[in-house]
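Every heavy atom of this structure was used, including side-chain atoms; hydrogens, water molecules and symmetry mates were not. Order of the sequence lines sets the chain letters (A, B, ...), proteins ahead of strands, with each chain counted from 1.
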Number of protein chains: 2
Amino acid sequence: MSRTYDDLALVFRALAHPVRLHILDLLRGGEICVCQIEAALGKRQAYISQQLMVLREAGLVETRKEGLQVFYRLVSPLAETLLASALGERPVPVPLFCSDSRLPAAVAEANVSGGKRL
Amino acid sequence: MSRTYDDLALVFRALAHPVRLHILDLLRGGEICVCQIEAALGKRQAYISQQLMVLREAGLVETRKEGLQVFYRLVSPLAETLLASALGERPVPVPLFCSDSRLPAAVAEANVSGGKRL
DNA sequence: AATCTATATTCAGGATATTGAATATAAGGG
DNA sequence: CCCTTATATTCAATATCCTGAATATAGATT
């Protein structure tokens with residue numbers, strides 16, 4: 001658990017970008033797919049994908065494919081802790097209109113978009 | 001308490017450098033002067049001063065002059081929290097060979113040399 | 001197979017960060 | 001004053017990051 005300053009600097013560097021911070025903040029609520037990130041941020045898809053690549057290479061997130069969609073999730077306890085310190089504790093994400101536990105995507109979407117559809 | 005992602009990114013960027021992280025880690029033990037940082041890191045003075053300038057401009061540290069020496073201290077609660085998360089809680093700094101409270105420098109130095117990381 | 005949809009990659013430019021070298025300032029002591 | 005010590009700043013070269021544009025891939029659908 002005793003990382004070098006170099007290792008830690010790499011983590012901080014990955015966090016040192018407003019768009020990446022925004023993405024990570026969304027991921028704190030649980031796994032979501034790229035299209036949802038794209039919708040939440042209102043940026044071009046390719047741009048989002050570039051930032052996601054940075055987060056992937058820094059080891060902060062991992063992916064899961066489901067058909068055409070790719071779901072991202074936080075996998076770095078350190079990053080989660082740092083985000084909690086920087087952004088505040090996030091209330092437990094409670095699905096607003098859908099409680100089907102077989103559909104993490106739908107649940108996440110409901111929370112991301114503020115409970116739009118479904 | 002609700003900072004923008006841009007504001008937070010600036011803080012993370014200041015932390016995203018191994019030498020600056022090392023300096024900040026030293027400062028967690030309390031106020032120390034530049035010469036001590038220089039000794040602890042074994043880098044050129046001008047280089048240390050450059051990194052300190054970055055930390056100053058990011059609002060993470062402030063200085064106090066005492067004769068020829070300049071003492072630096074952490075002034076950002078957020079940065080302190082992030083450092084604690086990344087580096088672990090620091091034990092209360094107990095001076096090893098000197099308990100003279102008029103000499104924060106000596107106290108800090110004792111902790112610096114006793115708390116090697118990396 | 002052709003095509004659509006979701007996501008990823010490559011490329012290039014400009015912007016910014018890094019860091020060594022040299023120099024500048026500021027304060028204390030003789 | 002001059003000198004020494006402690007620290008800061010400037011300059012320049014290189015490296016890295018940022019981001020738009022274009023393109024590529026992989027899976028689903030017809």
Side-chain angles (χ1 to χ4, degrees), chain A residues 5-6 8-24 26-27 31-58 60-73 104-106 108-109 112-113, chain B residues 5-6 8-24 26-27 31-58 60-73 103-106 108-109 112:
Chain A
Y5 293 119
D6 289 87
L8 290 174
L10 292 178
V11 175
F12 280 116
R13 184 178 298 278
L15 292 168
H17 189 289
V19 168
R20 292 197 291 271
L21 275 179
H22 197 163
I23 292 173
L24 291 168
L26 294 175
L27 293 179
E31 181 185 70
I32 57 178
C33 90
V34 176
C35 64
Q36 297 172 307
I37 298 173
E38 196 181 332
L41 270 66
K43 307 269 185 182
R44 294 174 309 110
Q45 175 272 320
Y47 182 60
I48 300 290
S49 191
Q50 283 173 328
Q51 302 301 340
L52 287 171
M53 177 165 46
V54 174
L55 296 176
R56 248 164 28 227
E57 288 173 348
L60 268 51
V61 301
E62 283 182 2
T63 63
R64 177 179 67 83
K65 284 195 174 181
E66 189 176 313
L68 277 179
Q69 302 187 323
V70 176
F71 290 82
Y72 278 77
R73 65 181 182 283
E109 179 170 30
V112 165
S113 60
Chain B
Y5 294 120
D6 289 86
L8 292 173
L10 291 178
V11 175
F12 280 116
R13 205 167 59 191
L15 293 168
H17 190 290
V19 168
R20 292 197 292 271
L21 275 179
H22 197 164
I23 293 173
L24 291 168
L26 295 175
L27 293 180
E31 181 186 71
I32 57 178
C33 91
V34 177
C35 64
Q36 297 171 307
I37 299 173
E38 195 181 333
L41 269 67
K43 307 269 184 182
R44 293 175 309 111
Q45 175 272 320
Y47 181 61
I48 300 290
S49 191
Q50 284 172 329
Q51 302 301 339
L52 287 171
M53 177 167 43
V54 174
L55 296 175
R56 252 168 20 230
E57 289 174 347
L60 268 51
V61 300
E62 283 182 3
T63 63
R64 177 180 67 83
K65 284 195 175 181
E66 190 175 313
L68 277 180
Q69 301 187 323
V70 177
F71 291 82
Y72 278 76
R73 64 180 183 283
L103 296 173
E109 179 168 31
V112 165

- Message: Just the rounded figure in Å: distance from P of D:dG20 to CD of A:Q51.
- Response: 10 Å
- Query: Would you say a side-chain N or O of B:R44 is under 4.0 Å from OP1 or OP2 of C:dG20?
  - Reply: yes
- Message: With a cut-off of less than 4.0 Å, is there a side-chain N or O of B:Y72 near OP1 or OP2 of D:dA6?
- Response: no
- Task: Return the nearest nucleotide to the side chain of B:V34; candidates are D:dT19, C:dA6, D:dT7.
- Result: D:dT7
Taking only nitrogen or oxygen atoms into account, show me every contact under 3.5 Å that the protein makes with nucleotides 13-16 of chain C, one pair per line with its distance.
none

- Message: Within this structure, what is the CG-CG distance for the pair B:L15 and A:L8, rounded to the nearest 0.5 Å?
- Response: 10.0 Å
- Item | Proximity to the side chain of A:C33 - top-ranked nucleotide from D:dT9, D:dT7, C:dT7 | C:dT7
- Task: Using the closest heavy atom to pick a nucleotide of DNA chain D for each, name whichever of B:C35 or B:Q50 lands nearer the 5' end.
- Result: B:C35
Distance-only check: which donor-acceptor pairs under 3.5 Å involve side-chain atoms of residues 41-56 of chain A, not counting sequence neighbours?
unit_1, atom_1, unit_2, atom_2, d
A:Y47, OH, A:Q51, NE2, 3.4
A:Q51, OE1, A:R20, NH1, 2.9
A:R56, NH1, A:Y72, OH, 2.7

- Query: If you round to the nearest 0.5 Å, how far is CD1 of B:I32 from CZ of B:R73?
  - Reply: 13.0 Å
- Message: Nearest to the B:L68 side chain among C:dT9, C:dG20, C:dA26, which nucleotide is it?
- Response: C:dA26
- Item | Exercise: identify the closest heavy-atom pair between B:A9 and A:L21 | N-CD1, 3.6 Å
- Task: Without swapping roles, check the side chain of B:R13 against the backbone of A:A16 for a donor-acceptor pair under 3.5 Å.
- Result: no
- Figure out the CG/C1' separation between B:L10 and C:dA17, and round it to whole Å. 14 Å
- Item | Gap between atoms CE and P, on A:M53 and D:dT23 respectively (whole Å) | 18 Å
- Message: Does D:dC17 have OP1 or OP2 under 4.0 Å away from a side-chain N or O of A:R20?
- Response: no
- Query: Between atom CD in A:E57 and atom C1' in C:dT10, what is the gap in whole Å?
  - Reply: 13 Å
- Taken to the nearest whole Å, CD1/A:I48 to P/C:dT7 is 11 Å
- Query: Hey, does B:E38 reach any base, or is it just sugar-phosphate, or nothing, if we go heavy atoms under 4.0 Å?
  - Reply: nothing
- Query: Starting at NZ of B:K65 and ending at C1' of C:dA26, how long is that distance when rounded to a whole Å?
  - Reply: 6 Å
- Output the distance between atom CD (B:E38) and atom SG (B:C33), rounded to the nearest 0.5 Å. 9.0 Å
- Task: Would you check, one step at a time, whether the test side chain to side chain contact (heavy atoms under 4.5 Å, CB included) holds for B:L10 with B:D6?
- Result: CA-CA 6 Å; B:L10 291 178; B:D6 289 86; 5.9 Å; no
- Taking for each residue the nucleotide of DNA chain D with the nearest heavy atom, is it A:Q45 or A:H17 whose nucleotide lies nearer the 5' end? A:H17
- Task: Would you kindly give the CD-to-C1' distance between B:E66 and C:dG28, to the nearest whole Å?
- Result: 13 Å
- Task: Measure from CG on A:L21 to P on D:dC18 and round the result to the nearest Å.
- Result: 11 Å
